[in-house]
Amino acid sequence: MSAREQLAATLACGAVLAAAPWLLSDFLLSLALSCLMYAALAVSWAMFCGPTHYLSLATSAFFGLGAYVTAWSLESLPYGVAVLAGGLIGVAFAALIGAAVLHLRGAYFAVITFGLGELTLHLITYTEKTYFHTAGRIISDAPDNAAIYWTVLVLTLGAVATAILVRASRLGLALRGIGADEERAQTLGVDTRRVKILAFALSAFFPGALGAAMAVRWTYIEPLSVFNPFIGFQTVLMAMLGGAHTLIGPIVSAVFFSLVSEFLRLRFPYVFLLLLGLLLIALILYLPGGLASLLRRRGRADA
Amino acid sequence: MPEALLAARAVTVRFGGLVAVDGVDLEARHGELVGLIGPNGAGKTTLFHALSGVLAPDAGRLLVAGEDLTGSAPHVFAAHGVARTFQMPRVFRDMSAEDNVRFALQFAGRTRRHAHDAFDDARTILGFLGLGAASAVAAGALTPARQRLLEIGMALGARPRVLLLDEIAAGLTPAELETCAQLIRRVRDELGVAVIWIEHAVRVLMSHVERVAVLHQGRKIADGDPRAVAKDAAVIEAYLGEEGVGSEGGRERRVA
């Protein structure tokens with residue numbers, strides 16, 4: 001599929017999905033919301049980490065920061081503006097830490113991005129306690145579920161469209177070169193430092209904006225709940241299991257795992273994490289190329 | 001005499017206590033084909049790393065077309081027209097041969113137009129190198145010898161003014177080696193680029209270059225007409241412990 005066709009397909013899916021609030025029950029709508037959220041997180045993670053083989057654990061930090069933008073500003077700003085601001089804060093934060101740590105690779109990069117997330121969590125906890133004398137914040141007059149759903153849908157479509165455009169662009173080519181052999185890419189004229197910071201920052205818009213958009217689902221916001229590392233780990237696992245180098249893999253995988261984990265949580269409330277863990281182990285052992293490798297086996301899936 | 005397109009002035013590169021390149025001066029002018037030889041471990045590849053920005057020299061200066069690029073990142077050297085190949089091919093293995101060349105065209109080769117329009121697309125470059133039939137093949141699936149040719153293709157895609165070739169002919173048969181040398185001369189003749197060529201097959205190299213520089217233990221011990229250099233006492237001395245001048249073994253011990 002060409003980039004144009006992929007964009008058209010994305011738009012068509014979006015049009016169908018936009019009808020959900022009128023058709024689905026509250027429960028199913030919230031399930032769809034969590035599928036969309038994880039699809040957007042996984043796609044935006046894979047946008048940078050897929051081609052470059054970086055392992056970023058900063059998703060939770062971007063998400064949490066975005067959520068706090070909403071917590072701080074919802075009384076003075078419209079919801080849509082808060083969501084946009086959350087995305088931009090994610091971009092700014094990613095550009096800052098990207099400039100500082102993108103020269104690190106492998107486990108070092110993973111650990112430091114995780115550490116920076118924890119640092120942000122504690123910084124916010126400290127700020128809230130010291131200057132605002134509060135441990136958490138209550139979100140009042142949240143938008144209704146349909147508005148949240150449409151906002152998250154727009155963000156998801158935006159993430160997919162951005163991923164499509166990046167893959168088809170010189171930026172995407174440069175990222176692939178960086179993943180294959182960074183120094184070689186440099187000797188062929190790629191300013192790898194600039195490219196990496198740019199792409200990392202771009203990919204952080206969506207987790208930041210999603211954090212801001214999803215924050216209103218909690219009535220009470222505290223650092224530990226919105227900077228939940230589990231969100232970041234889930235995102236990474238979904239993207240990798242789906243096949244982070246593909247476009248469709250992370251989407252399919254995010255939807256699949258959101259549904260499975262919801263089903264397990266309802267049917268086996270006590271052992272669901274255990275079952276999820278076993279499922280992940282089985283997939284890693286028997287399907288290391290991710291779910292996308294299944295599609296590929298059948299014929300030419302997306303490249 | 002035209003200005004040097006690439007000039008190293010007293011370049012020194014150290015690895016801890018080891019001086020891999022020791023105060024080397026080297027120049028390449030427009031349209032000049034320069035050979036760079038020396039026994040294993042002489043510092044040839046390390047010098048190439050410095051000339052292409054991969055390693056910043058500990059001392060000395062690097063000038064590209066008169067502009068001082070000392071300490072700049074590799075992409076700056078590439079943008080100024082310095083393109084190189086790697087001794088151990090470093091092609092993008094998962095990309096097709098054509099995409100490998102296109103990568104160079106899209107980045108280093110994007111802003112600069114050289115005189116020769118025939119090298120403005122990947123297929124033409126691959127065809128020129130005799131890799132036309134392999135353009136859709138994943139680069140990692142090519143034989144090492146063909147990957148070295150593809151390395152040249154990537155360097156050409158960068159639309160170079162200076163071409164640094166590091167043992168591109170290793171593993172080639174004598175006939176292939178001769179073809180390869182002709183190819184390099186054509187590149188030089190048709191594009192007017194300056195070429196610095198490292199090769200262990202010294203005799204073939206000497207028969208094609210106009211000038212040859214000899215490195216030994218990091219120092220430049222000779223630089224001049226190949227016939228004169230071959231008779232140079234210091235050069236013969238340097239090679240005696242290793243192998244005779246003109247030995248054509250495809251030895252590929254890696255330098256630093």
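Here is the naming used below: chain letters follow the sequence lines, and residue numbers restart at 1 for every chain. Values in this document were obtained by computation on a predicted structure and should not be read as measured data.
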Over 12 non-hydrogen atoms of neighbours within 6.0 angstrom of CZ in A:R194: no
Residues of residues 168-192 of chain A under 4.5 Å from chain B (heavy atom pairs)? A:R170, A:L173, A:A174, A:R176, A:G177, A:A180, A:D181, A:E183, A:R184, A:A185, A:Q186, A:T187, A:L188, A:G189, A:V190, A:D191
OH (A:Y108) with more than 12 external heavy atoms under 6.0 Å: no
Is the count of non-hydrogen atoms from other residues, nucleotides or ligands lying under 6.0 Å from B:R146 atom CZ greater than 12? no
Does B:D68 CG have over 12 foreign heavy atoms under 6.0 Å away? yes
